[in-house]
Every structure is written in C-alpha cells, then in structure tokens.
Amino acid sequence: MKLKIVFKLRYLWMFFRHRGRLAALAIAAVVIAVGVPLWWKTTETYRAWLPVAQINELAQLQLQLSVEVEVVFSKGTLTAEHQKKIPPSNTRQEEHVVDETTRLRYRYETRYRTATIMEEDALNQSTAAEADISLHMLSESPSGSVVIYVVPESSTVLPEGVSVYVGQRRTALLRAGGQMRVAVALKEVLASLETWIKQVLQVMSFSHGDITAALSDRVRPGDRSREGLADSMRAFKSSPGYEITFSLLNPDPTSHLLHWDVEAAISSYIQPLLSKMAPVANFSIDSQILYYAVLGVNPRYDPTLNAYTLNADSLSHVINPVEARLGSSAASSNPVLNFLLYVPDSRHSPLHITDHRRHTVPSNAFSSPRWGGIMVYNVNASGTELPVDVHIDMRRVMGVFLPQLRLMLGVQSAAPPPGFLIGPCGNAGLADWELDRLMWTRSVENVATATTTITSLAQLLDQIGNIVINDNIAEQVSSAVASLQLAVGQLEVGNLGLAMQYSKEAILQSERAFFDPSLLHLLYFPDDQKFAIYIPLFLPMCVPILLSLLKMASEVRQRPGQGQAKKD
Amino acid sequence: MAAFRSNIFMLAFFLCGFSVFVTGDFQEELVIKPLHSGDIYASFQFRTQWDTDFLLGISHYRLFPKSLGQVISKFSVRELHISFTQGYWRTMQWGQPFLPSPPGAELWVWFQDTVTDVDLAWKELTNVLSGIFCASLNFIDSTNTVQPSASFKPLGVGNVTDQRFLRYAVLPREIVCTENLTPWKKLLPCGSKAGLAVLMKSEKLFHSSFHSQALHIRPVCKDWQCKSTSWELRQTLNVVFDLHTSGQGKREWSLFKMFSRTLTEACPLASSSKVYVDITDNPQGELFELSPATPLVSQAVVLGDGRTYSVYDLTDHATFGQTHSLNVLLRWRAAEREMLRPLLHGERYVAGYGLQTGEIHTLVYNNHPYRAFPVLLLDTVPWYLRLYIHTLTVTSKGRDNKPSYIHYQPSKDRLQPHLLEMLIQLPPNSVTEVTVQFERALLKWTEYTPDPNHGFYVGSSVISALVPSVVAMDTNNTQERPLFSSFFPCKEESTYFMRIYTEPLLVNLPTPDFSMPYNVICLTCTVVAVGYGSLYNLLTRTFQVEEPSQGLAKRLANIIRRLRGVPLLT
C-alpha cells in the first residue's frame with residue numbers, strides 16, 4: 001500500500017518535472033495536427049481532376065491511317081486461270097517514325113475483284129472522262145476510299161501515252177502494263193500493279209510528305225525542303241471556320257463609278273467550291289466596297305510599257321495601309337481571307353504588277369500567304385463626263401481569285417507524276433479525291449494541333465500550381481481528349497468523314513479550354529507577397545515551438561552522458 | 001440551307017433588276033448655329049440608308065459599313081443608339097441640341113423578339129462595340145444596365161415595345177478622345193477624305209467646350225406609304241466652340257477658324273450634301289453678317305419652333321466660287337444678348353453632409369407661361385447608393401405633386417442598380433423638385449476604382465417629354481426634310497418630343513486607407529503572437545525557487561581568499 005503511494009507520488013513528481021516538456025510537445029502536436037491542415041485547406045486553390053494519364057498517352061501520338069483500295073480488273077487484263085486464283089484482299093503496311101513522340105503507320109487494304117458487266121460497258125466508252133462519269137453512276141464509294149479500274153493495254157479509253165487517268169470522283173483508270181500478259185505467275189502480275197497503285201494512291205489520297213507537313217505543329221521542320229515549307233506556309237492553318245471577304249477598292253470615286261455583280265459571281269464561282277468543302281470547315285462570305293482606299297506604295301511610271309508598274313519587291317508594303325480600312329471581323333474570331341480588287345485611279349492607270357525580272361504578270365494579281373490575294377483591275381476611262389460607269393468583268397476576277405482561294409484553303413495542285421492524266425475537276429472546282437486529300441491532311445493537322453494544345457495545357461497546369469482549374473475546364477479537357485481518341489480511332493478504321501468531324505470538335509474544345517479566362521485569375525500571385533502575409537503570424541508562433549523542440553532534442557542527447565556520469 | 005438561302009437572295013436580286021444600284025443612299029449635312037453667348041454650335045449629320053435584310057446570310061456592303069452590318073445580323077439588333085460625349089450641354093446658355101446626349105458613353109439597344117438570351121447577346125454586343133469604337137464599353141455589366149419601361153421607346157418603325165428586349169446603360173466616367181473619333185470616321189463611306197468629314201480634325205474638335213459623337217441604327221420607312229422598311233445609320237457629331245478659348249474672344253467665326261480646313265467638294269457618293277446656317281434671329285442682317293451670301297433659304301420646324309436657314313449646296317459647283325473652296329464666315333455685329341429660357345430644363349445635385357447618408361435633388365423647370373405638360377423622369381442609381389424609396393418626395397410650387405406612374409426596381413447588391421421611372425405632371429411656370437435620400441454602402445476593398453478619392457459617378461437623369469409646340473409640327477415623315485429636323489418621329493402637330501439629360505453626379509463613398517488590410521494583418525498577428533507567446537511560456541516553463549545569490553562583498557572576499565589559499569566562505 002505504502003509502496004503504491006510512493007509510486008504514484010513518483011509519477012506525479014516525474015510529471016511535474018517534465019510538465020513543460022509535455023506541454024511543448026502537445027502544442028507542437030496541435031499545431032501539426034490541426035493548424036497545418038487547416039491552413040492548407042483554407043489556402044488551397046481548387047483544381048479539378050484532369051485525365052492526365054490519357055493526355056500523356058496522347059503526347060505519344062501513334063497515328064494509323066487506313067485507306068481502302070478496290071482494284072477492279074476488266075476483261076482482258078487477267079487470264080481465266082488467274083481470275084480463279086485471285087486473292088480476295090491484300091493488306092500492305094508502311095511504318096514511319098517521324099520523331100521520338102510521333103509515329104505513323106499507313107495501312108492500305110486492297111480488295112481485288114473482276115468488273116461487272118455494267119462496268120465493262122462503262123469502260124468501253126470512247127473517252128476516259130465519259131467512262132469516269134458512267135462508272136460513277138454505277139456506284140458511290142465512301143470518302144477516303146479509292147477505286148482503280150485496270151483496263152487492258154489495248155484499250156482506247158485512255159489517250160495515247162497515258163497510263164493512269166484520275167477522274168473527278170474517287171476512281172482512277174490504270175492501263176495494264178506490257179509485262180502483264182507475259183507474266184506467268186499471278187504474284188508477279190500483282191507486284192507490277194502494286195508500284196502503279198502506290199503512285200495512284202500518293203496522288204489521290206495522301207503522300208508521306210503531306211502528312212509530315214500537316215504534323216508541323218508537333219514536329220520540328222528539320223530536313224524538310226524549303227519548297228515544301230513555303231508551300232505549307234501559304235495555306236491557312238486548319239480552322240473550324242473561315243471568313244472570306246471580297247473588297248473592291250475604289251481610290252477615286254469622283255472619276256470611276258464601279259459596279260460589280262459580286263452576288264452572282266460568288267454564287268456561281270465560289271459557292272460551289274465552298275459547299276463541296278463544307279465537311280472541312282464552315283465558310284461565311286461577305287463583300288464590301290471601300291472608297292478612297294489607296295495602296296501603300298506609289299507605282300512607278302515605266303515609259304517602255306507606257307504604264308505604271310508595281311514591282312514584286314515593293315508588294316510587301318502594299319497591304320498594310322489597306323488593311324486598316326478592311327476592318328476586322330466583328331462577329332467571329334475565325335481567320336479572315338481577304339481578296340482585294342483594286343481599280344487604280346485614272347492618274348495611275350494602267351497599272352501592272354511586274355515580277356523580279358521586270359516582266360508584267362499576266363494575271364496582274366498576287367497573293368500574300370495566309371492573308372489573301374490582291375488583283376489590279378485596269379479600266380480604260382475614256383475622257384467623257386465624270387464619273388465613268390464601269391461594270392467589272394467578274395468572270396476575269398473570279399478566274400484569278402478562285403485558284404488563290406484554293407491555295408489558301410490548302411487544296412494542293414501538285415504536278416502529277418509522268419504518265420498521269422488528271423481529269424477536269426467539274427463544276428465545283430474540286431474533285432472528290434482532292435477533297436479527300438485535303439481531309440486526310442486536315443484531320444491529321446487537327447489531331448496534331450489539338451494534342452499539342454492539350455498537352456501544353458496539361459504541362460502548364462502542372463507547372464504553375466496557382467492556377468485554379470474549374471470544373472468546366474476539366475470537362476472541356478475531358479471531352480477534347482475523348483474527341484481526340486475518337487478521331488484517332490476513326491482514322492485507324494479509315495472512316496475519313498467522321499475522323500474529320502471529331503478532329504474539328506477536338507480542336508474547338510481544346511482551344512476553348514486553353515483560352516478560358518478563368519485560368520488567369522490567380523496566375524499572378526508571387527511568393528514574396530505570400531511571405532509578407534504569413535511571416536507576421538507564423539514567425540512569432542513557430543520560433544518558440546522550434547526552440548523548445550531543439551532544446552528538448554539537445555537534452556535527450558545529453559542524458560546518456562549524464563547517466564554515465566551518475567554511475568561513476 | 002445556306003445555299004438555299006443564297007439562292008433566294010439571288011432570285012430576289014434578279015427580280016429587283018436594275019434597282020439594286022440605288023438601294024443605298026448617303027446624305028451629309030452640317031448645321032451651324034450661332035449661339036447668343038457668342039459661342040458657335042456645329043452639328044454634323046450623316047445618314048446612310050440601305051434596303052436590305054441583315055438576317056439573310058451573305059451580305060454585300062456598298063455604302064453601309066461592314067463591321068456594323070455584321071453586328072446587326074449576328075446579334076439580331078433592331079435598334080442601336082450609342083453616343084460618346086465630352087463636356088456637358090448647357091441648356092441655359094445654348095438652348096436645345098438637335099440630338100441630346102449625356103456626358104460619357106450611352107448605349108441603348110432594342111433586340112429583335114427572336115433573341116432568346118438577351119443578357120448574353122447584350123454582353124457580347126457591348127464587348128464587340130468596345131472593340132469597334134476603342135471605348136471601355138466592356139465595363140457595361142449587370143450593375144449598370146437597366147430595362148426602362150417607358151422612357152426609351154423604339155425610334156424606328158416596328159411595334160415591339162416589350163421592355164424585355166431593351167437594354168440601357170450609361171458610363172458617365174468614359175472619356176472621349178481621338179481614338180474614339182477615328183473608328184467613327186472610318187464608318188463613313190468617304191472616310192475623312194472628301195465631303196464634310198474633311199472638317200473633322202481631331203485637335204480642333206476636342207479643343208471645344210462640348211463634343212458629342214453618336215451613332216443611331218434603326219429601321220425606317222422606305223417611302224411615305226411605309227410598306228417596306230430599310231435600315232438607317234445616322235452618324236452625328238455635335239461640337240460647341242467656345243468664344244474665348246477657340247475664338248480668342250473675337251465675335252467672328254469661319255469654317256477655317258473652327259476646323260482649320262475649308263470645304264472643297266462634296267462626298268461624291270452623297271446624294272445630298274449641304275451646309276445650313278441658322279439665320280432665324282437675323283432676318284435683315286442686323287445681328288451678324290454672313291459671307292459668302294447664298295440665295296438658298298430653307299424653312300424647317302425644329303424643336304417646336306420655325307427656323308430659317310441659309311443653305312450652301314455642296315453638290316453645286318457654283319457654291320465654291322472662284323477659289324474652289326467654301327469658307328463660311330460669320331461676323332457678329334450686335335453685342336451679347338440675354339440668356340435663353342428653355343421651356344424644359346433639368347438640374348440635379350447631391351445634398352447632405354458626412355459619409356453615411358445623403359439626398360439626391362432633381363429639379364425640373366417648366367418655363368411655359370400657361371401650359372402644363374407631363375414628363376417622364378428616369379433615374380438609374382448604382383447599388384452602392386442605397387435609396388430610401390419611402391423618402392421620395394415630389395413637390396411643385398410648395399405642394400405635394402403625386403406622380404401618376406411610378407416604376408421602381410430595387411437594387412441588388414453587386415447585381416443590379418436602382419431604376420426609378422416616374423411620370424410627373426409639371427404645372428405651368430414652375431419648378432418641380434424630386435428628392436430621395438440614400439445611404440452610402442461600404443464596398444469591398446477590391447471593388448474600389450484605382451482613384452477612389454475622386455468619387456463615384458452616378459449617371460444623368462433622363463427627362464423625356466412631349467413639349468407643347470409654338471408652331472405646328474411637320475407630321476409626315478418624308479425623306480425631304482433636312483436630317484437635323486427628322487430624327488425623332490413626330491405624331492402630333494401640337495407637341496414635339498424632347499429629351500434632356502441632367503448633370504451626372506459625383507458622390508464620395510467612405511474610402512478606406514488601402515494599406516489597411518496589411519496593417520490589420522500585421523497588427524492582429526502581433527497581438528496574437530504576444531498573447532500566444534506568454535501563454536506558451538506559462539505552459540512550458542517550470543518554475544523553481546532559486547537560492548539567493550551571494551552578496552558582492554562575499555564574492556570579493558572569496559576571490560581574495562582563493563588567492564591566499566585560505567578555505568572559501570560558503
């Protein structure tokens with residue numbers, strides 16, 4: 001009993017002896033257990049969850065483009081024996097490593113069949129163009145696919161010396177090579193066809209060069225030729241919509257009264273092309289007349305031509321003063337394509353554009369990459385009473401602006417390889433396969449742009465911890481990622497139309513997330529201001545705690561020494 | 001769908017045939033009015049008319065500016081009125097302006113009844129307009145936007161009067177300068193290259209007592225039968241040049257002295273281009289002398305009064321004479337005359353002392369000797385002045401004057417301003433005083449402007465009235481009338497519509513010291529730290545009784561003892 005009391009007293013004594021130490025520990029514990037989480041929670045910025053894993057997956061882009069090719073053998077190109085042995089299909093794959101994060105795989109699925117009787121009839125037309133039209137009446141091939149009709153060497157459908165005819169739609173006529181007859185094995189026949197088919201596909205769907213150019217957002221243009229770079233710089237970047245503005249510049253309304261029938265010209269020349277290109281982007285067109293609008297350069301009088309000239313070197317200074325008058329589009333943020341028709345005033349007329357070798361340019365027009373085109377339209381104002389009524393020949397004007405518009409929109413008209421004949425492109429000014437070609441590059445470009453936008457946004461958010469990520473941004477990022485995955489998936493399957501659509505959605509959503517103003521709210525919150533606010537509270541509170549903890553630690557370290565000293 | 005639309009458009013285009021080139025019309029005019037104070041008032045008006053429907057997809061602009069056309073079609077705007085004003089129009093000295101406007105920026109828009117989300121359209125529209133005019137219209141938000149129920153009826157044709165589609169906002173603080181004038185001039189078909197617009201040199205225009213530029217878009221009747229409508233864009237610019245600062249005290253004005261330019265040609269695109277000089281008070285030339293003399297004289301009924309004008313027609317080459325330039329010269333002969341007494345006049349001020357409460361006084365004068373007429377008074381007051389609406393009193397001639405209509409929309413903090421609209425009958429020859437008390441709210445420290453000690457602006461009150469006319473008004477709205485007399489539609493012969501704006505108010509709010517938050521943080525932290533420190537010490541220190549230390553003498557003795565080797569004292 002007595003012993004118990006002694007023990008209790010001893011505990012009490014020990015407790016009193018260590019009371020200060022325990023209190024310091026308790027306060028430190030409270031600060032750590034309650035204070036720090038409270039401070040953390042109340043000063044936290046809201047950051048919604050982002051699909052980081054999927055974004056990182058997209059950073060390693062592995063694109064597969066699938067093209068369906070149908071090869072149709074007409075009568076007389078295969079022997080009966082070969083016809084029986086002909087394989088139903090054949091798949092060829094090409095792999096390219098563009099750089100460490102981007103890989104490309106092209107997959108060509110070739111199906112072989114013999115021509116039906118109706119197709120045979122169509123192929124017996126006298127010219128290739130007619131054959132092309134009647135073949136198209138028979139069947140419609142989905143966007144992205146290519147049909148190649150192999151005709152016998154003796155066929156008269158193709159003109160002399162032409163091996164391949166590329167039609168308006170997605171069909172091509174291919175003359176069977178000379179060795180085909182001689183060759184015994186079917187394998188050799190198909191192999192010799194294969195080289196031609198490869199070339200046809202490079203013209204009609206895409207070439208590796210086009211695709212790498214479209215990936216320029218992701219890939220550094222390392223060893224690409226300057227020519228190719230200039231070509232890709234000329235066209236506008238892919239965008240879900242474009243505004244096209246035709247402006248008539250009349251610098252001297254006192255002497256010229258200009259009339260242009262732009263409505264009719266647009267509906268007959270421009271609108272068909274744009275309606276055909278509707279899957280690629282939305283277009284809106286308007287036109288305006290600007291008075292007293294002058295070019296930025298004074299043209300020089302050339303006595304040999306008896307005309308005023310604008311040299312190619314000075315053209316770069318022409319646009320800026322005009323652009324101030326053009327007015328930016330107030331209603332949307334899509335890129336604007338400007339086409340200016342300039343009618344020089346009578347004091348500077350006629351006006352010709354000359355090239356670097358001082359020859360006049362026949363079209364009297366020039367284009368500015370990613371901006372638009374300018375055409376100079378000379379008027380013979382015979383000196384009757386002023387102002388002179390001038391009716392502008394819109395056919396001539398649109399003949400210049402339409403090719404410029406095609407260039408700006410990225411429709412490439414590269415020279416075909418030898419032996420190829422490209423058919424006329426029809427009313428719309430754009431063949432189906434040209435549209436396919438554009439859609440291949442555009443959807444790849446969209447995917448590339450959207451992935452870089454999303455990955456750089458993710459990087460930015462990762463690096464700067466102050467940025468608030470709201471739920472709507474997280475939602476946009478997630479849906480952009482979903483659309484991207486869908487687009488990549490559709491490209492893999494070869495469903496070009498859907499791939500284009502999803503890639504457009506992806507680009508829209510990723511841009512919206514990237515440029516959301518709510519990301520900027522807390523961006524500027526420097527650390528020195530944070531310290532200025534925290535120090536008056538934290539410094540006087542933490543110093544005593546730290547000091548007493550340090551003291552305790554040093555006591556604990558000294559105690560073993562004391563114990564030894566006592567033993568001694 | 002777009003292709004189908006464009007086809008319809010094409011069809012319409014072919015049916016119209018040759019008339020397509022005359023669907024646009026542009027007129028310009030300048031009115032010069034010598035004021036009795038010796039100042040001079042110049043008012044430019046430019047009207048572009050276009051028979052088109054902006055709601056059809058493709059648009060092809062000839063005279064109408066493309067940027068505004070896109071705005072109209074994108075936001076489905078039915079009417080748009082915007083004005084930028086520097087200075088306050090002194091009605092007592094200058095009489096009535098042709099087009100009134102409040103100091104700062106004013107914007108009111110009627111949307112088409114097809115618009116579903118009017119607030120969103122309004123928000124985007126103000127942002128686009130602030131881009132077009134380089135103005136701070138993007139500061140228009142729900143805290144300064146109201147939907148007046150009666151004061152701002154559409155001025156064009158159409159019968160939608162549901163106030164849901166109306167938005168009205170004033171930025172009294174907006175400062176107008178050349179960067180607003182340049183985009184405004186760019187909207188004119190001739191720019192500032194030809195016609196009357198060559199006179200608009202910004203260094204002269206802004207060196208004036210009053211400068212107001214405005215732009216009005218509305219649908220108007222195409223012909224007198226009003227079977228079809230066309231769009232009208234009116235651009236107006238009003239300037240008052242001061243006798244002493246601009247005129248160097250000489251009572252002599254000329255175009256060159258005012259604008260440092262003369263006129264040499266009309267805008268070639270204008271169907272009419274005229275300069276009017278008001279000579280009503282000067283029938284025999286006894287007040288001032290006008291040169292060059294012009295045989296053309298025009299009569300017009302303006303603001304309830306028949307006026308006479310000398311007209312210079314710029315489309316006529318004879319106007320420019322031998323020198324090929326027109327410099328209208330106006331030399332005063334008589335001395336300064338007495339002040340005008342406008343029929344309707346308004347004033348406003350803030351009364352009270354201290355920073356807690358105050359009182360807004362609005363005085364409306366009816367100077368008509370025997371006619372009483374009603375006026376609509378519109379007041380928008382920001383939410384940080386909390387109106388005590390029960391203290392609202394309206395008194396005329398010492399007696400209580402009960403408004404026949406009151407529309408009051410209370411404010412919501414940080415969301416919407418007060419809107420007070422009243423229909424008050426003004427007795428003849430009287431002053432009507434409207435007072436209401438308010439309390440000043442304390443703002444959050446981020447809500448103060450960068451210079452809070454300057455004060456906070458409260459926009460002008462708007463007084464709209466049908467004032468009894470002296471002469472019979474012209475009620476048929478034909479196109480032949482001069483532009484300055486045909487803006488407000490006139491339905492009755494005996495009255496005319498008038499709108500006046502009072503002064504904006506500048507109110508001081510209780511303003512804190514802005515280093516205060518950091519001081520408060522530091523002070524409270526210090527207090528907390530001191531309290532915490534002593535508590536911490538109490539809790540963690542253990543106290544022991546210490547033995548009293550040896551005295552100084554003992555210590556000294558011990559040192560000596562140690563030196564001597566003698567045992568120490570304890």
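Every chain is numbered from 1 and lettered A, B, ... according to where its sequence line falls, protein lines coming before strand lines.
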**Q** I'd like to know if the side chain of A:Tyr292 reaches the main chain of B:Cys190, judged simply by a donor and an acceptor atom lying under 3.5 Å from each other, with no hydrogens or angles considered.
**A** no
**Q** Which answer fits A:Thr254, side chain, backbone, both or neither, if we ask what part of it has an atom under 4.5 Å from a heavy atom of chain B?
**A** both
**Q** Tell me, for B:Leu523 versus chain A, whether the close heavy atoms (under 4.5 Å) come from the side chain, the backbone, both or neither.
**A** neither
**Q** Excluding sequence neighbours, so at least two apart, what forms side-chain hydrogen bond (donor to acceptor under 3.5 Å, both in side chains) with A:Asn282?
**A** none
**Q** State whether the side chain of B:Lys66 and the backbone N or O of A:Gln288 hold a donor-acceptor pair below 3.5 Å, judged by distance alone.
**A** no
**Q** I'd like to know if the side chain of B:Tyr518 and the backbone of A:Ala532 have a donor-acceptor N/O pair within less than 3.5 Å.
**A** yes
**Q** Let me confirm one number: the OG1-OH distance from A:Thr245 to B:Tyr61, rounded to the nearest 0.5 Å.
**A** 9.5 Å
**Q** Is it the backbone or the side chain of B:Glu124 that comes under 4.5 Å from a heavy atom of chain A, or both, or neither?
**A** neither
**Q** Do B:Arg62 and A:Glu263 pass the salt bridge (charged side-chain N to carboxylate O under 4.0 Å, His left out) test, and can you show the C-alpha distance, the side-chain angles, and the key distance before you say yes or no?
**A** CA-CA 12 Å; B:Arg62 286 166 216 284; A:Glu263 290 97 324; 3.4 Å; yes
**Q** Going by distance alone, is a donor N or O of one side chain under 3.5 Å from an acceptor N or O of the other, for A:Ser548 and B:Tyr536?
**A** yes
**Q** Can you list the residues that meet the salt bridge (charged side-chain N to carboxylate O under 4.0 Å, His left out) rule with A:Asp345, with sequence neighbours excluded?
**A** A:Arg347
**Q** Side chain, backbone, both or neither: which part of A:Ile545 has an atom under 4.5 Å from a heavy atom of chain B?
**A** both
